[in-house]
Amino acid sequence: MSIEPLLTARGLVKRYGRVTALNQADFDLYPGEILAVIGDNGAGKSSLIKAISGAVTPDEGEIRLDGKPVQFRSPIEARAAGIETVYQNLALSPALSIADNMFLGREIRKPGFMGKWLRMLDRAAMEKRARDKLSELGLMTIQNIGQAVETLSGGQRQGVAVARAAAFGSKMIILDEPTAALGVKESRRVLELILDVKRRGLPIVLISHNMPHVFEVADRIHIHRLGRRLCVIDPKQYTMSDAVAFMTGAKTPPEELIAA
Amino acid sequence: MTDAPANAARPQEFETVLSGSDKTVANFDTQTRTPVEKVQHFLHSNPAAVPLIVLIASLVVFAVLVGGKFFSAFSMTLILQQVAIVGVIGAAQTLVVLTAGIDLSVGAIMVLSSVVMGQFTFRYGLPPVLSILCGFGVGALCGWINGTLVARVKLPPFIVTLGMWQIILATNFLYSANETIRSQDIEAQAPILQLFGDTFKVGNAVFTYGVIAMVLLVLLLWYVLNHTAWGRHVYAIGDDPAAAELAGVRVKHTLVSVYVIAGLICSLGGWLLIGRIGSVSPTAGQFANIESITAVVIGGISLFGGRGSILGMLFGALIVGVFSLGLRLIGTDPQWTYLLIGTLIIVAVAVDQWIRKVAG
Ligand SMILES: Nc1ncnc2c1ncn2[C@@H]1O[C@H](COP(=O)(O)OP(=O)(O)OP(=O)(O)O)[C@@H](O)[C@H]1O
Ligand SMILES: [Mg+2]
């Protein structure tokens with residue numbers, strides 16, 4: 001490919017004590033694409049995206065953003081660089097309201113004296129933007145934007161986390177199983193949102209176990225196995241059964257794919 | 001799986017009906033809740049309501065039992081004067097408990113600060129204002145040590161502050177050589193140290209500046225906790241520090257700031273303490289840490305962190321004050337106060353658990 005990748009990772013290693021989560025993993029994300037990452041449970045998908053988003057520091061390896069080496073020491077630094085992530089465990093604060101959660105760490109303050117000197121939060125503005133984002137996602141069953149996240153259903157919580165990432169991502173968005181707990185309608189909305197974000201020109205990393213969804217939206221599919229990238233396939237040239245066979249080790253992918 | 005890749009890039013058949021789905025925000029008839037559920041829900045969204053209700057109820061009970069002598073402006077303001085220091089130290093404790101921590105060293109920091117304020121003035125001849133600033137500096141330093149050990153070295157707050165409690169108290173005795181600075185001397189040479197003991201009257205009500213300072217401090221912290229980003233971060237950290245970190249809160253930095261601010265508030269408590277007892281004594285305020293935890297717990301602030309209101313702490317402190325004065329006016333053995341307060345602590349935690357079931 002002649003286009004330069006937006007983000008590359010080479011030789012990432014992450015060990016948790018004696019468990020190796022990432023074993024010389026590589027990763028490439030190109031501008032404007034939807035990249036699906038699939039793999040068995042425990043293959044190291046979440047560890048991979050956590051290394052990219054600054055949530056964990058890899059023991060070895062190099063990450064480059066726009067060709068320049070980066071080392072995010074915390075998710076805050078990755079977010080500052082425009083990388084927005086929905087983690088598998090969602091990273092929401094149960095006792096805080098939906099709006100407070102969506103704006104945690106980047107709150108809007110009131111204009112003028114109240115905001116500048118008394119540092120007062122602009123609740124109304126945050127609640128309005130939160131409501132707009134949730135409606136865009138079709139999460140109409142959330143009645144009160146000021147309600148605590150712990151009073152939401154599992155799927156509604158997931159919707160809040162996805163809305164947060166979609167509202168703030170400026171360079172790329174990473175979604176770790178964003179539809180695992182969602183209903184039919186809400187999953188569909190998240191897929192539409194993903195396509196929408198792509199139209200805005202942002203690339204997306206989608207981790208999912210739902211093969212129809214993956215094959216529907218992905219431009220390329222990164223197959224992760226035993227802590228490393230096994231191969232990358234084009235969903236138009238392979239079937240779901242091929243993908244499942246590669247990812248479980250039932251079939252070995254062709255040589256030219258492994259080289260890629 | 002036999003699906004050809006060609007037809008993969010299309011929604012599933014069953015998803016096509018979704019275009020007709022409801023587009024309005026859901027709205028339910030909330031009358032379907034039972035009264036008990038409504039109460040539970042109200043208390044869940046208003047964490048200071050339980051202690052406020054208990055406070056009002058205990059005022060009514062003692063007013064009936066003791067009569068007008070109790071329900072006078074004089075005795076009401078006397079209660080305020082007696083809880084001023086617990087209220088201030090309780091405010092510091094509230095901040096730490098909201099982060100799911102506990103601070104056993106608050107009383108020791110308070111006493112050491114008051115000793116520094118006094119000794120720096122009388123031993124080194126520093127201007128009293130400068131000595132007061134030094135007292136605040138010592139409080140901030142103690143808080144910073146606590147915060148760093150908790151946030152960066154990752155030791156449990158209970159252990160850190162248990163150790164610091166002993167260390168600070170020992171430092172306090174070694175430094176002051178167990179020496180008290182007499183009230184008359186302070187009055188003559190550095191009256192500003194006793195500022196918060198000064199009183200003014202509104203009718204029969206007697207206020208000290210210490211009471212005013214305590215109320216203003218609690219209101220200020222209420223504002224900061226509820227209406228600023230820092231306050232929201234304190235709650236988020238107490239709730240789930242890992243999630244807060246992933247969501248973009250600077251957890252370690254915020255935790256250290258919480259302990260430093262708690263230390264500064266304890267120094268303010270030390271200044272109030274001089275006003276209250278008149279002298280500077282290294283043996284004063286022995287029970288401030290336990291009293292502050294009592295106020296926090298009765299005030300409905302969860303020891304698991306992330307839940308509760310600082311106003312609840314103030315009500316909790318006042319409840320203790322009402323019980324102490326009320327029972328004294330009735331003329332019972334003071335042990336009854338401790339017995340009732342002990343019961344109240346256990347009931348408060350039980351109520352907290354019950355309210356939290358709303359979330360489940
Ligand atoms: N915090 C941790 N401490 C210890 N081991 C961990 C930790 N996180 C992940 N691991 C280990 O790393 C390996 C990869 O885990 P990871 O969460 O990346 O898998 P995954 O591909 O996301 O799986 P799933 O599909 O179930 O989400 C697993 O063997 C797991 O036990
Ligand atoms: Mg995972």
Side-chain angles (χ1 to χ4, degrees), chain A residues 50 53 55 74-76 79 85 87 89-96 100-101 103-107 109-110 114 118-121 123 131 134-135 138 140-143 146-148 150-151 161 164 184-185 187-189 191 211-217 234-242 244, chain B residues 1-12 14-19 21-28 30 41 44-45 47 98 223-224 226-233 235-252 302 304-308 356 358-360:
Chain A
K50 278 187 181 164
S53 71
S74 73
I76 302 165
R79 279 171 31 156
T85 311
Y87 294 96
N89 62 3
L90 303 181
L92 298 171
S93 290
L96 296 191
D100 281 351
N101 260 291
F103 286 87
L104 201 62
R106 49 194 151 200
E107 292 81 359
R109 288 208 297 264
K110 283 236 165 87
M114 293 302 280
L118 303 182
R119 310 187 76 77
M120 189 185 230
L121 296 176
R123 279 262 153 67
R131 166 61 78 194
L134 291 177
S135 300
M140 307 317 259
T141 53
I142 292 176
Q143 297 162 48
Q147 90 191 72
E150 66 193 349
T151 62
R164 175 167 69 184
V184 175
K185 183 184 73 163
S187 302
R188 173 71 16 219
R189 282 305 190 105
L191 291 185
M211 289 301 139
H213 285 169
V214 164
F215 273 74
E216 182 191 329
V217 298
D234 181 340
K236 287 192 267 317
Q237 285 168 17
Y238 288 87
T239 63
M240 293 185 205
S241 353
D242 294 332
V244 172
Chain B
M1 275 189 231
T2 52
D3 46 338
N7 67 359
R10 233 185 289 144
Q12 305 286 299
F14 63 87
E15 289 172 323
T16 52
V17 294
L18 289 175
S19 56
S21 53
D22 196 353
K23 299 276 189 304
T24 52
V25 174
N27 203 350
F28 293 102
T30 42
H41 217 270
H44 188 254
S45 32
L98 281 175
Y223 170 83
V224 169
N226 290 288
H227 293 285
T228 71
W230 184 83
R232 297 285 84 193
H233 295 178
Y235 277 88
I237 289 170
D239 229 4
D240 185 344
E245 177 86 47
L246 289 178
V249 174
R250 295 160 74 198
V251 172
K252 287 179 192 160
S302 170
F304 300 112
R307 282 145 226 267
R356 293 223 266 143
V358 170

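Just so you know, these numbers use all the heavy atoms, side chains as well, and skip hydrogens, waters and symmetry mates. Chain identifiers are assigned alphabetically (A, B, ...) following the order of the sequence lines, protein sequences preceding nucleic acid strands; residue numbering begins at 1 within each chain.
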Side chains of A:L104 and A:S93: does their closest heavy-atom pair fall under 4.5 Å? yes
Check: B:E245 and B:P241 side chains under 4.5 Å, non-hydrogen atoms: no
Measure the spacing between CZ of A:R119 and CD of A:E107 and express it to the nearest 0.5 Å. 10.5 Å
Relative to chain B, which segment of A:L92 carries a heavy atom at a distance below 4.5 Å: side chain, backbone, both, or neither? backbone
When the 4.5 angstrom heavy-atom criterion is applied to A:R109 and chain B, the contacting part is neither
Portion of A:L118 that has a non-hydrogen atom of chain B nearer than 4.5 angstrom: both
Do B:L98 and B:R307 have side chains that approach each other closer than 4.5 Å (heavy atoms only, starting at C-beta)? no
